[in-house]
Amino acid sequence: MKTALTIAGSDSSGGAGIQADLKTFSAHGVFGMSVITAITAQNTQGVFGVQDIDPSMITKQIEAIFEDIFVDSVKIGMVSKIETIESVYKSLSYYKPKIVVLDPVMVSKSGYHLLQEESVNYLIKYLLPLASIVTPNIPEAEIILGTNICTVKDMESAAINIHKMGAKNVLIKGGHLKGDSIDILYDGDIFTYLHQDRIDTKNTHGTGCTLSSAIASNLARGCSMKDAVKEAKVYITIAIKHSIELGKGVGPTHHFYQLYKNGLTSYPFEY
Ligand SMILES: Nc1ncnc2c1ncn2[C@@H]1O[C@H](COP(=O)(O)OP(=O)(O)OP(=O)(O)O)[C@@H](O)[C@H]1O
Ligand SMILES: Cc1ncc(COP(=O)(O)O)c(N)n1
């Protein structure tokens, strides 16, 4: 069985972070493993507290996995502190996993800073060059580059500039632009455009986590980068279409890949 490891924060409400990642791995038929970098107290309405895990414990978790199990792909999510980034960087530089999907999580949908401001440069310097693919949304790409991104042309330039910083592939997610959702994949040579009509829902908690884990799952299963991203885009679109009205705020998406794989593009019963 193929394996995928998420290095990320825990979301107590299960819509984002480690929990979304593990659900996504399972839905793809990939064996999921986790290294927890921080515990968040959060729900669909907000983040109410964060406790960072001691860096030595992060190192130990990574060591425990790599010393025992072959890891087909790694996904990195929330890594709030400089020390967290350092321990992830040192461990991954040592174990050298072939596939690293970096979701540069910065601010939650509810506005909480999940990456401390002083950590941004560390993420750029240490984690970006490890990435087989990095998946910033528009505000994250703006922070990485210090520029404004307002149009698809701006997204293309951003992808080129982030590629120059060391990530082998760049996927700029357009969910935050007005109008339909266009994501742009850049491999250092060619742009691939992934277009999707905007789905009218408020329930998009954890969409970025889910998309990056779906990419990591597809890469673990041996897909090319382009196919991994295209398939992941179908997965997140169906997951958003069938997102769940849970809680009082921004609800989570729905994970049911097997139905999609069996040729069904809509859920066969009411939820
Ligand atoms: N309303 C929507 N309709 C269709 N696709 C969407 C919608 N919102 C987001 N997406 C898609 O979902 C994926 C995740 O993008 P998004 O920009 O929401 O990531 P994010 O902000 O990093 O998510 P997160 O909430 O986990 O931080 C992208 O493929 C984006 O185009
Ligand atoms: C632990 C953790 N990781 C990532 C996110 C981003 O997800 P969102 O932007 O949907 O809040 C989150 N809220 N919590």
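All ligand and atom numbering here is 1-based and tracks the order in the structure. Here, residue 1 is the first one in the sequence, and each next residue gets the next number. Heavy-atom basis, side chains included; hydrogens, waters and symmetry copies ignored.
- For Tyr89, the OH atom is loosely surrounded, since the number of other residues' heavy atoms within 6.0 Å does not exceed 12.
- Atom CG in Leu22 sits 10.0 Å away from atom NZ in Lys75 (nearest 0.5 Å).
- Under a hydrophobic-cluster definition in which Ile, Leu, Val, Met, Phe, Trp and Tyr are linked whenever side-chain heavy atoms come within less than 4.5 Å, directly or via other members, Val107 and Val250 are assigned to different clusters.
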Between ligand 1 and the protein, tabulate every N or O atom pair separated by less than 3.5 Å, reporting distance only.
| residue | atom | partner | partner atom | Å |
| --- | --- | --- | --- | --- |
| ligand 1 | 1 (N) | Ile199 | O | 3.0 |
| ligand 1 | 3 (N) | Ile199 | N | 2.9 |
| ligand 1 | 18 (O) | Thr207 | OG1 | 2.9 |
| ligand 1 | 21 (O) | Asn137 | ND2 | 2.8 |
| ligand 1 | 21 (O) | His176 | NE2 | 2.8 |
| ligand 1 | 22 (O) | Asn137 | ND2 | 3.2 |
| ligand 1 | 22 (O) | Lys173 | NZ | 2.8 |
| ligand 1 | 23 (O) | Lys109 | NZ | 3.4 |
| ligand 1 | 23 (O) | Thr207 | OG1 | 3.2 |
| ligand 1 | 23 (O) | Gly208 | N | 2.9 |
| ligand 1 | 25 (O) | Lys109 | NZ | 2.2 |
| ligand 1 | 26 (O) | Gly208 | N | 2.7 |
| ligand 1 | 26 (O) | Cys209 | N | 3.4 |
| ligand 1 | 29 (O) | Asp183 | OD2 | 2.4 |
| ligand 1 | 29 (O) | Lys233 | NZ | 3.0 |
| ligand 1 | 31 (O) | Ser181 | OG | 2.4 |
| ligand 1 | 31 (O) | Asp183 | OD1 | 2.9 |
| ligand 1 | 31 (O) | Asp183 | OD2 | 3.4 |
| ligand 1 | 31 (O) | Lys233 | NZ | 3.0 |

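- The salt bridge (Lys or Arg N to Asp or Glu O under 4.0 Å) contacts involving residues 201-217 comprise Lys202-Glu245, where partners must be two or more places apart or lie in separate chains.
- Note on ring orientation: taking the six-membered ring where Trp is involved, the planes of Phe66 and Tyr95 are parallel (angle under 30°, cut-offs 30° and 60°).
- When hydrophobic residues (I, L, V, M, F, W, Y) are linked wherever their side-chain heavy atoms come within less than 4.5 Å, the members clustered with Ile236 are Ile99, Val101, Ile133, Leu171, Leu185, Leu194, Ile199, Leu211, Ile215, Leu219, Met225, Val229, Ile240.
- For the pair Ser212 and Thr135, the tightest heavy-atom approach, listed with the atom from each and the gap, is CB-OG1, 4.0 Å.
- Atom OG1 of Thr210 and atom NE2 of His205 lie 9.5 Å apart (nearest 0.5 Å).
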List below, pair by pair, the N or O atoms of ligand 2 and of the protein that are less than 3.5 Å apart, including the distance to 0.1 Å; reply 'none' if no pair qualifies.
| residue | atom | partner | partner atom | Å |
| --- | --- | --- | --- | --- |
| ligand 2 | 9 (O) | Lys109 | N | 3.0 |
| ligand 2 | 10 (O) | Gly206 | N | 2.7 |
| ligand 2 | 11 (O) | Lys109 | N | 3.0 |
| ligand 2 | 13 (N) | Gln42 | OE1 | 3.1 |
| ligand 2 | 14 (N) | Gln42 | NE2 | 2.9 |

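- Looking at Asp187 and Lys168, no side-chain N of the basic residue comes within less than 4.0 Å of a carboxylate O on the acidic one, giving no salt bridge.
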